[in-house]
2 protein chains.
Amino acid sequence: MRDVAAAAGVSLKTVSRVVNNEPGVTGAVRERVQAAAERLDYRHNLAASNLRRSGSRTGVIGVLVQDVANSYSAGLLRALEDAMRVHDVMLVAGSLDETTARERAMVTNLISRRVDGLVIVPASPRQDYLEPEIRAGLPIIFADRAPRGIDTDSVIVDNALGAYQAVDHLLARGHRRIAVLTDSASIATADERVRGARAAFAKHGLELPGDLLVRGHADQQGAAATVHRLRELPDPPTAIFAGRNAISKGTLQALAERGERESVAVVGFDDFPMADLLQVTVIRQDVAKLGALVAARLLERIAGDTTPPIRIVLPPTLIPRGSGEIPPPAA
Amino acid sequence: MRDVAAAAGVSLKTVSRVVNNEPGVTGAVRERVQAAAERLDYRHNLAASNLRRSGSRTGVIGVLVQDVANSYSAGLLRALEDAMRVHDVMLVAGSLDETTARERAMVTNLISRRVDGLVIVPASPRQDYLEPEIRAGLPIIFADRAPRGIDTDSVIVDNALGAYQAVDHLLARGHRRIAVLTDSASIATADERVRGARAAFAKHGLELPGDLLVRGHADQQGAAATVHRLRELPDPPTAIFAGRNAISKGTLQALAERGERESVAVVGFDDFPMADLLQVTVIRQDVAKLGALVAARLLERIAGDTTPPIRIVLPPTLIPRGSGEIPPPAA
DNA sequence: TGGCCACCTGACAACGTTGTCACGTCCACA
DNA sequence: TGTGGACGTGACAACGTTGTCAGGTGGCCA
């Protein structure tokens with residue numbers, strides 16, 4: 001900038017004015033400065049600018065999701081990006097892989113970078129470590145999963161309701177041996193889904209078969225293995241409620257391998273690409289809507305809104321596509 | 001930091017030393033400073049730090065892909081993230097949606113933020129606007145698509161070869177009426193793929209039927225519409241080469257709607273989630289490998305490597321899964 | 001012609017850090 | 001006891017920018 005000023009024969013401040021498109025610079029001077037900047041390949045330094053006008057925005061938000069390669073996370077990211085772009089805000093994204101340590105590390109890093117806000121799909125069991133940041137006024141919104149140990153804005157999906165709908169759907173079609181596959185119990189969401197599944201059984205005066213509730217699935221392969229095992233039981237499940245994206249895929253994979261895609265009912269939580277072509281009945285969360293709501297709330301907070309935290313719960317929807325409508329063999 | 005220094009009864013510089021874990025501070029003093037920092041909720045400001053030690057890294061790279069929600073882009077992002085994480089580098093990601101203007105705008109923004117490097121899956125027809133940045137030493141790697149009008153590192157896939165393999169696969173099974181569906185001709189990749197398809201026909205002493213080459217597909221719906229139209233022709237295609245992810249999906253969707261999934265052969269370019277379960281034969285690009293190579297090159301550049309640009313071309317692989325092995329009806 | 005005002009422009013300090021260098025203390029050794 | 005050196009600490013300037021305020025120029029009106 002100093003060089004540009006010298007080349008244009010003006011002061012630093014005038015270059016600054018031109019660069020920031022501020023008024024108070026004559027046309028001729030402005031052009032001279034622009035020409036010099038162009039000639040010298042001058043590039044404005046946003047970091048320095050933000051430092052000087054401290055208290056202003058950096059134009060960056062941090063987004064911590066489960067795995068950016070996962071279609072659900074990616075969809076959320078995209079929805080946030082679209083909403084933030086109009087405000088000239090960019091996204092720093094990170095995958096947590098359900099790791100508490102990574103969540104902590106990335107949050108610390110993002111805070112050091114003075115992001116304008118944080119969107120977190122938490123991996124850690126408690127988030128009270130964020131207390132000082134909240135107190136300092138950093139906007140933080142939890143997406144998909146509610147925070148624990150702290151009071152913050154959140155936009156989540158009614159997981160219990162979704163699971164209830166899924167299992168009720170299967171019970172209504174006569175299934176009784178319904179397997180429930182979820183991920184690690186340390187994830188609050190998984191607990192909610194199990195709760196919803198139990199509630200559906202209870203409504204029908206039944207109980208979730210203990211041998212068919214299997215938690216702790218980390219990935220597709222694990223889920224596939226479980227399905228193979230369960231189907232080998234003397235009294236195998238006639239229907240499967242897959243508690244997450246990757247678990248649905250593993251379930252389908254295993255059933256396909258066994259040639260049982262047509263005979264065993266499946267309802268999955270979370271829609272996924274190609275689920276329509278695969279005719280998989282799912283509980284769909286409206287990621288685009290969730291992302292839009294998160295972004296809107298975040299923008300309000302960034303704009304200075306200091307009202308008490310709100311908690312938005314979106315109802316999921318069951319999308320029947322065939323796999324969930326397969327009747328039990330006996331019926 | 002000033003407050004911490006005052007609270008601990010030391011100078012600014014000493015706090016700096018403690019914060020950066022530099023040697024030359026007695027244990028007692030160090031603890032006093034840490035306690036004060038903790039008590040005052042002090043947060044190190046990386047922007048200011050990077051400004052002071054200018055010339056050092058910001059620990060951020062910019063990644064511009066087609067669409068972060070697209071499984072291919074998301075996979076690339078994830079591969080980059082994994083490789084960069086060990087070097088404590090975070091990713092700022094943006095979706096270009098094949099828009100030249102957005103590419104320019106985001107590049108400008110990222111440069112203002114002094115990212116350590118840029119990974120670009122270009123949307124614009126030419127990238128010579130990056131010339132000054134390259135000259136200034138900013139590491140830029142092109143991924144998936146080669147740069148035009150500029151000489152930079154790039155890691156791309158042999159698109160012509162992939163298309164050749166796909167079409168040759170179909171020709172070898174007796175298909176002659178093979179439809180070739182690609183995206184906009186302004187995308188260099190699409191041209192390459194058409195070229196490869198023609199080469200395969202040429203090898204068999206044939207020519208790509210002019211009425212079956214349809215370019216300019218923007219999304220899944222457009223591709224589906226084309227498939228419906230082509231299949232209504234008096235002499236319809238017996239096989240379809242889908243030149244991209246979304247086009248494959250549109251093709252499958254249309255064929256499913258027509259009940260022709262079992263009778264019309266399909267080979268798609270780019271693997272996609274669930275393609276295995278859908279038994280879709282595809283040309284697979286190894287995104288993880290591509291991402292790893294891009295990251296490795298970028299890290300070398302960031303570390304100061306100034307050797308001439310290299311160009312890595314990865315061979316794609318045909319994965320037979322069923323849809324590409326359907327024979328033509330007559331045969 | 002003098003005076004007032006609007007309008008441009010520039011000097012300076014400050015944002016939160018850290019590199020450089022100098023100072024002071026303490027210990028070891030001659 | 002004096003000297004040298006190692007070590008811990010701090011003062012200061014600088015990174016690239018912009019807010020504040022003061023100064024300078026020119027036009028217009030009395």
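Hydrogens, waters and symmetry mates are skipped; everything else that's a heavy atom, side chains included, is used. Chain identifiers are assigned alphabetically (A, B, ...) following the order of the sequence lines, protein sequences preceding nucleic acid strands; residue numbering begins at 1 within each chain.
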Study note, to complete from the structure: Looking only at heavy atoms, the pair that brings B:R102 and B:S95 closest together is NE-O, 3.1 Å
**Study point:** Terminal contacting nucleotides, 5' and 3', DNA chain D versus chain A (heavy atom, 4.0 Å)
**Key:** D:dG16 to D:dT20
Point to revise | Of residues 11-35 of chain A, the positions that come close to DNA chain C - non-hydrogen atoms, cut-off under 4.0 Å | key: A:S11, A:K13, A:T14, A:R17, A:G24, A:V25, A:T26, A:V29
Exercise for review: Would you mind telling me which residue lines up with the more 5' stretch of DNA chain D, B:V10 or B:R53, judged by nearest nucleotide?
Suggested key: B:V10
Point to revise | Whether over 12 other heavy atoms sit under 6.0 Å from B:E38 CD | key: no
Check your understanding: Hey, does the side chain of B:S49 reach the backbone of B:N45 with a donor-acceptor pair shorter than 3.5 angstrom?
Key -> no
Practice item. Would you tell me whether B:T99 and B:D97 have side-chain atoms, one donor and one acceptor, within less than 3.5 Å of each other? Key: no
Check your understanding: Can you list the steps and then say if A:N50 with A:R114 is a side chain to side chain contact (heavy atoms under 4.5 Å, CB included)?
Key -> CA-CA 10 Å; A:N50 283 326; A:R114 297 293 185 273; over 6 Å; no
Review point. Are the side chain of A:E300 and the backbone N or O of A:D305 linked by a donor-acceptor pair below 3.5 Å?
Key: no
Practice item. Would you mind telling me which residue lines up with the more 5' stretch of DNA chain D, B:R114 or B:R52, judged by nearest nucleotide? Key: B:R52
Check your understanding: Taking all non-hydrogen atoms of both residues, which atom of B:D153 and which atom of B:I310 are closest, and how far apart?
Key -> OD1-N, 2.7 Å
Point to revise | Estimated bend of the helix from C:dT1-D:dA30 to C:dA30-D:dT1 (axis per five terminal pairs, rounded to 10 degrees) | key: 50°
Exercise for review: Among B:T152, B:I61, B:V107, find the residue that satisfies the side-chain contact (heavy atoms from CB on, under 4.5 Å) test when tested with B:L118.
Suggested key: B:V107
Review point. For B:I302, does its backbone N or O pair with a side-chain atom of B:R57 as donor and acceptor, under 3.5 Å?
Key: yes
Study note, to complete from the structure: For A:S16 and A:M1, the nearest pair of non-hydrogen atoms, with its separation, is CB-CE, 3.2 Å
